[in-house]
There are 2 protein chains.
Amino acid sequence: MPERSDAGRPAVGGWAKRCYFAGRALMDATLRPYDLGSTQWYVLWHLANFGPTVQRDLGRALELERATLSGIVTTLVRKTLVEQTSSGEDQRQRLLTLTVAGETLWRELPDLSFIHDAAFGGIDEADLATTVRVLQLATERLQNLLRKE
Amino acid sequence: MPERSDAGRPAVGGWAKRCYFAGRALMDATLRPYDLGSTQWYVLWHLANFGPTVQRDLGRALELERATLSGIVTTLVRKTLVEQTSSGEDQRQRLLTLTVAGETLWRELPDLSFIHDAAFGGIDEADLATTVRVLQLATERLQNLLRKE
DNA sequence: CGATATTTGCAAGGTAGCGAACGATTGTCA
DNA sequence: TGACAATCGTTCGCTACCTTGCAAATATCG
């Protein structure tokens, strides 16, 4: 969050937050005319590119908690963009499929890759690799601490 | 969010998100016994270190939207940790002050610096600097795009 | 086979973020 | 001075994240 100017150091976490929220805000602003949130877009993106998916697998792929995904799916079903059928062998699982309206909307949506390009385009590849490595290592350490608590 | 394995590139934004949420989850877990959220902690931290603050200034310092801070302050007032008085020259402004209960709780809270240390301790300073530079540049670019939209 | 454990999804309740719209106050300027 | 603009905080509605607790279905193992 803020700079934590008492120590001067903790800027990394603060910038991770700022960067994440800035990208997400741009995504939300771009999708607002289509009445879509960023995570809803990720769900449509996955279904459009990988076909019908079991809700459990989608949660794993997008790294969303079951409860979180459940709400998002409910919203998308209410908008008739996604169909949720309890088909298949396992009666606990729900299969998610794009509806015709969902496919139509997906084709109308603008390409969002400009966001990533605008953010990181032109930056030295080695610096990007360093950034990823640092963030990845920090994340792993934090998650280890969380697990062992 | 996810890896966006179609292009393989957008990992930076995904790791920024993961790292931010991992740190925040650890913060939330540590504060849970005290019934405090991470942003509530930042408000107490600021008031404990900088003294009574006008709500507007606190929002700027912590980079929180007015609507967001309003809700958090309401929560802290309900818990009788913070007092919100409409004092001063400008009758629009609200002054935020730690109550005695707030000061007492603040002294009981554990030191959270271990989180930053665990995440980034031992990592090469130059790499950390590169990470901050990359994230900062990306954030600025994104915010520029947001403004001009 | 049957008791137990695991998995899957849902609902409720809480935190944190946003935009938009609204009073109330204050500042500005013709 | 008086109309208009800007500021400050709140409220409303929304997205998205979490935990906890539940029920149903399935898997596992004695």
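Proteins come first, then strands; the chains are lettered A, B, ... in the order of their sequence lines, and each starts at number 1. Hydrogens, waters and symmetry mates are skipped; everything else that's a heavy atom, side chains included, is used.
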> Using OP1 and OP2 only, check whether a side-chain N or O of A:Q55 sits under 4.0 Å from C:dC10.
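It does, given that an N or O in the side chain of A:Q55 lies less than 4.0 Å from OP1 or OP2 of C:dC10.
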
> Output the rounded distance in Å from CD (B:E89) to P (C:dA24).
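Distance check: B:E89 CD to C:dA24 P gives 22 Å.
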
> Using a 4.0 Å heavy-atom cut-off, does A:A25 contact any base of the nucleic acid, only the sugar-phosphate backbone, or nothing at all?
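No contact at all - A:A25 keeps every heavy atom at 4.0 Å or more from the nucleic acid.
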
> Taking the six-membered ring for Trp, are A:W41 and A:W106 parallel (under 30°), tilted (30 to 60°) or perpendicular (over 60°)?
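A:W41 and A:W106: tilted rings.
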
> Give the cluster check for B:L95 versus B:L81: same hydrophobic cluster or not, with ILVMFWY residues linked at side-chain heavy-atom distances below 4.5 Å.
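Not linked; separate clusters.
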
> How many Å lie between CZ on B:R94 and P on D:dT7, as a whole number?
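Checked: the CZ to P distance equals 19 Å.
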
> What is the distance, to the nearest angstrom, from the CD atom on A:E65 to the P atom on C:dG9?
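Interatomic distance, CD of A:E65 to P of C:dG9: 13 Å.
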
> Check whether any side-chain N or O of B:R60 sits under 4.0 Å from OP1 or OP2 of D:dC8, and answer yes or no.
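The answer is yes; a side-chain N or O of B:R60 sits under 4.0 Å from OP1 or OP2.
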
> Would you please indicate yes or no on a ring centroid separation below 6.0 angstrom for B:H116 and B:F120?
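Judged by ring-centre distance (under 6.0 Å), B:F120 and B:H116 do meet the cut-off.
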
> Do the side-chain N or O atoms of B:Y20 get closer than 4.0 angstrom to the phosphate oxygens (OP1, OP2) of D:dA16?
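Answer no for this pair, as no side-chain N or O of B:Y20 is under 4.0 Å from OP1 or OP2.
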
> With the threshold set at 4.0 Å, does a side-chain nitrogen-carboxylate oxygen contact exist between A:E63 and B:R18?
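Salt bridge present between A:E63 and B:R18.
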
> Hey, is the side chain of A:T68 poking within less than 4.0 Å of OP1 or OP2 on D:dC18, counting only N and O atoms?
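The answer is yes; a side-chain N or O of A:T68 sits under 4.0 Å from OP1 or OP2.
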
> Round to a whole Å and report the spacing from CD of A:Q143 to P of D:dC18.
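To the nearest whole Å, that distance equals 11 Å.
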
> Map B:L36 and A:A67 onto DNA chain C by nearest heavy atom, then report which one ends up closer to the 5' terminus.
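Result of the comparison: A:A67.
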
> In whole angstrom, give the distance that lies between atom CG of A:D28 and atom C1' of C:dG19.
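To the nearest whole Å, that distance equals 11 Å.
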
> Any base atoms under 4.0 Å from B:R66, or only sugar-phosphate, or nothing? Heavy atoms, all strands.
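Base, at least one base atom sits under 4.0 Å.
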
> Base, sugar-phosphate alone, or nothing: which one does B:L69 contact when heavy atoms must sit under 4.0 Å apart?
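The residue B:L69 makes no contact with any strand.
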
> Report yes if at least one side-chain N or O of A:K17 is closer than 4.0 Å to OP1 or OP2 of C:dG17; otherwise report no.
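For A:K17, the contact criterion (side-chain N or O under 4.0 Å from OP1 or OP2 of C:dG17) is met.
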
> Using a cut-off of less than 4.0 Å, is there contact between a side-chain N or O of B:S38 and OP1 or OP2 of C:dA16?
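So the side-chain polar atoms of B:S38 do come within 4.0 Å of the phosphate oxygens OP1 or OP2 of C:dA16, strictly under.
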
> Please report, rounded to the nearest Å, how far the C1' atom of C:dC10 is from the CD atom of A:Q91.
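Nearest whole value for this atom pair: 16 Å.
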
> Examine C:dC10: is either OP1 or OP2 under 4.0 Å from a nitrogen or oxygen in the side chain of A:S70? Give yes or no.
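Looking at the OP1 and OP2 atoms of C:dC10, one of them is under 4.0 Å from a side-chain N or O of A:S70.
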
> State plainly whether one hydrophobic cluster holds both B:L109 and B:L62, where clusters connect Ile, Leu, Val, Met, Phe, Trp and Tyr through side-chain heavy atoms under 4.5 angstrom apart.
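Yes, one cluster joins them.
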
> Rounded to the nearest angstrom, tell me the gap between atom CZ in B:R32 and atom P in D:dT20.
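From B:R32 CZ to D:dT20 P: 6 Å.
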
> Is there a donor-acceptor contact under 3.5 Å linking the side chains of A:Q55 and A:Q93?
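No, because no side-chain N or O of A:Q55 sits under 3.5 Å from a partner of the opposite role on A:Q93.
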
> Kindly say if A:R24 contacts the phosphate of D:dC17, meaning a side-chain N or O under 4.0 Å from OP1 or OP2.
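Affirmative; the distance criterion is met.
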
> In this structure, how many angstroms lie between the C1' atom of C:dG27 and the CG atom of B:D90, rounded?
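In whole Å, C:dG27 C1' and B:D90 CG are 10 Å from each other.
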
> Between A:R92 and B:Q84, which is nearer to the 5' end of DNA chain D once each is assigned its nearest nucleotide?
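So the residue in question is B:Q84.
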
